[in-house]
Amino acid sequence: MPRCCACAGPDADRARSHLSALTGTPDRTGAPDPADAAGRGGQAALVHGEPGFATGPFTVDGATAVGEVTLHNRPELLDALATAGSPVPAACPDGELLLRLWLRLGADGVRRADGMFALAVVDGPDLVLIRDHTGARTLFYARADGCWAASTSLRALRRWPALGTGLNLAAVRSFLTFAYLPGEETLLRGVHEALPGRILRLAADGSTHQDPYWEPAELLAEDGLLPPAGYARELRALLERATGRRLPAGEAVAVLLSGGVDSSLVTALAARLHDRPVHTYSISFGDRLPNELGYSGLVAGHCGTTHRVLTVSGEEVAARLADTVALLDSPVGDPLTVPNLMLAEAVAGDGITVSLNGEGGDPVFGGPKNLPMLVHEMHRDDPDPEARAEAYLRSYRKCYEDLPRLLTPAALRALAGEPQPRRFVAPYLRPGPMHTLLNQLLHCNLRTKGAHHILTKVERLTASQGVQGRSPLFDRHVVDHAFATPPTLKLHGTVEKWVLKEAVRDLLPAAVVDRPKSGMRVPVQQWLHGPLRDLSGDLLLGRASRERGLVRPDTVRTWMRREGTLLPRQGGKLWLVLTLELWLRAYDL
């Protein structure tokens with residue numbers, strides 16, 4: 001399956017000419033497009049040769065759309081259109097169904113759609129971009145030669161000659177701060193990412209208008225709290241619905257099972273709700289390194305799944321890292337990318353096309369990564385909201401504090417006038433839609449790390465193998481419930497994600513529900529001083545990196561000697577720089 005793109009502007013022939021550059025197909029300017037029998041469009045097309053789930057173009061009432069759309073609640077949406085006086089056949093493709101919802105019901109129609117979608121609509125001379133609630137599918141856009149273009153493939157926009165793009169240095173700083181790009185930025189100058197939960201109109205005159213159709217809200221009960229068991233009971237029902245809707249009808253399903261409570265509860269719900277086999281997959285980094293196989297094996301046995309353990313060696317990571325990074329439209333400094341890809345390959349090799357995961361539990365229900373900020377808040381004496389945003393960036397413990405000694409003087413001078421990374425998190429961390437600090441942190445996590453790291457990584461790596469990765473804990477109704485739950489029931493004393501654990505306590509062994517959070521212990525330091533040592537040295541200290549002039553070789557050498565930081569975090573920092581270098585090479589920057 002392919003990716004897709006669309007182009008629009010005041011001149012249809014010019015837009016069609018640009019579209020041919022984006023798709024790498026012959027220019028059909030002046031000739032009716034065979035994909036559009038009415039000859040009205042031709043500005044939306046599929047991009048073949050890149051892995052994705054795009055379908056279309058669809059033309060309805062003069063609007064042509066193309067997109068990657070998977071809807072989980074088709075019957076409800078068909079009923080909504082019928083009630084509105086615009087019935088459509090039950091076999092209507094998902095992309096066309098979403099287009100009809102938007103045309104007939106506007107933002108309310110999109111709001112009702114439950115699923116993963118990125119849709120580009122050519123609406124006369126305008127381009128309209130629609131992205132799902134939480135960001136399960138990704139869409140990029142840019143403007144050149146009086147036209148707007150959008151694509152689910154960054155590479156398609158990269159090869160648009162009219163754009164004349166290059167490296168966006170501000171995004172380099174953002175990546176080294178977050179280990180991903182947390183908002184509209186991409187590493188390509190002039191190319192932006194559409195934000196989730198938004199309908200973005202790109203007008204022919206160059207102006208833009210953004211319509212937020214969904215944003216989580218802190219809707220705590222005003223007339224007294226429910227008993228804690230009531231919140232857990234309601235959450236359980238929503239989790240069952242979210243998981244059930246994501247199960248593939250009539251097919252086996254995979255679950256990526258780490259052994260933590262989040263992936264374990266998804267496994268247990270899938271095993272209970274699905275009428276086909278459930279296959280689970282876990283990772284080991286070798287017998288000599290810590291792992292969670294005891295927990296994942298316990299859950300697999302408890303739920304009766306067909307279980308596989310994949311052993312990932314440092315040598316395999318070294319051999320496959322460059323190709324894996326090249327699959328990502330924006331770099332992700334997560335050392336689990338190669339293991340994640342190998343899991344997707346295993347799922348595809350078993351003939352399974354849908355895999356569920358437990359992603360979302362920490363950012364939505366208050367996992368342990370919020371604790372540094374909560375502790376900081378107890379002790380801080382600077383009331384300035386910017387001080388809170390600054391602390392949030394430092395809590396990531398990536399390269400933010402190292403930038404003055406990591407980036408070259410020339411790069412630092414060029415960045416002097418660029419906006420600071422704080423702008424991505426500050427709006428969420430001040431009083432506004434969320435009143436409590438924990439909910440402000442969760443809102444920030446959802447809109448930054450959730451949409452631009454977790455979900456995009458899942459989508460790109462699973463799609464590369466023809467597998468759809470689905471995340472029930474990012475279901476918008478589950479998210480809505482999380483923000484309507486008192487923070488004290490999410491972080492309950494010292495127990496993290498308390499309400500989530502109580503909602504599924506009867507489904508899992510107590511040893512799993514009550515286990516302390518440990519996370520996947522990826523042996524980055526061992527890899528970088530073992531199988532990846534030569535690769536990282538050649539890449540980061542070689543001629544191409546030096547000539548690019550972004551990072552200082554002396555700082556990289558210091559980190560490679562395990563020196564220069566108070567705590568042993570050189571490996572994680574080097575991993576970011578290595579990922580960035582590989583991504584820049586993959587995109588010829």
Check the orientation of [X] and [Y]. Use parallel for under 30°, tilted for 30 to 60°, and perpendicular for over 60°.
X: W498; Y: H492; result: tilted
X: Y180; Y: F178; result: tilted
X: H133; Y: F117; result: perpendicular
X: H443; Y: F483; result: perpendicular

Looking at [Y] and [X], is there a salt bridge between them, counting it only when a charged N and a carboxylate O are closer than 4.0 Å?
X: E292; Y: R515; answer: yes
X: K497; Y: D362; answer: yes
X: D475; Y: R245; answer: no
X: D108; Y: R111; answer: yes

Backbone N/O of [Y] and side chain of [X]: donor-acceptor pair under 3.5 Å:
X: D211; Y: I199; result: no
X: R236; Y: A503; result: yes
X: R3; Y: R155; result: no
X: R131; Y: A194; result: yes

List the atom pairs, donor and acceptor, that lie under 3.5 Å between side-chain atoms in residues 428-437 and the rest of the protein, sequence neighbours left out.
| unit_1 | atom_1 | unit_2 | atom_2 | d |
| --- | --- | --- | --- | --- |
| T436 | OG1 | E218 | OE2 | 2.9 |
| T436 | OG1 | N439 | N | 3.4 |
| T436 | OG1 | N439 | ND2 | 3.4 |

Taking the six-membered ring where the residue is Trp, are the ring centres of W102 and Y213 under 6.0 Å apart? no
For residues H452 and S330, determine if any side-chain heavy atom of one lies less than 4.5 Å from a side-chain heavy atom of the other. no
Identify the heavy atoms of [X] and [Y] that sit nearest to each other, and give their distance.
X: L154; Y: D329; answer: N-OD2, 2.7 Å
X: A482; Y: F365; answer: CB-CE2, 3.8 Å
X: L119; Y: L139; answer: O-CD2, 3.8 Å
X: C5; Y: V47; answer: SG-CG2, 3.7 Å
X: L103; Y: V60; answer: CD1-O, 3.5 Å

State, without any angle test, whether R272 and T243 hold a side-chain donor-acceptor pair at a distance under 3.5 Å. no
Is it the case that T353 and E251 place a side-chain donor and acceptor less than 3.5 Å from each other? yes
Going by ring-ring contact (aromatic ring centres under 6.0 Å, His included), name the residues that satisfy it together with H72, two or more places apart in sequence or in a different chain. none
Please round to the nearest 0.5 Å and tell me the distance separating atom CG of N340 and atom OG1 of T324. 9.5 Å
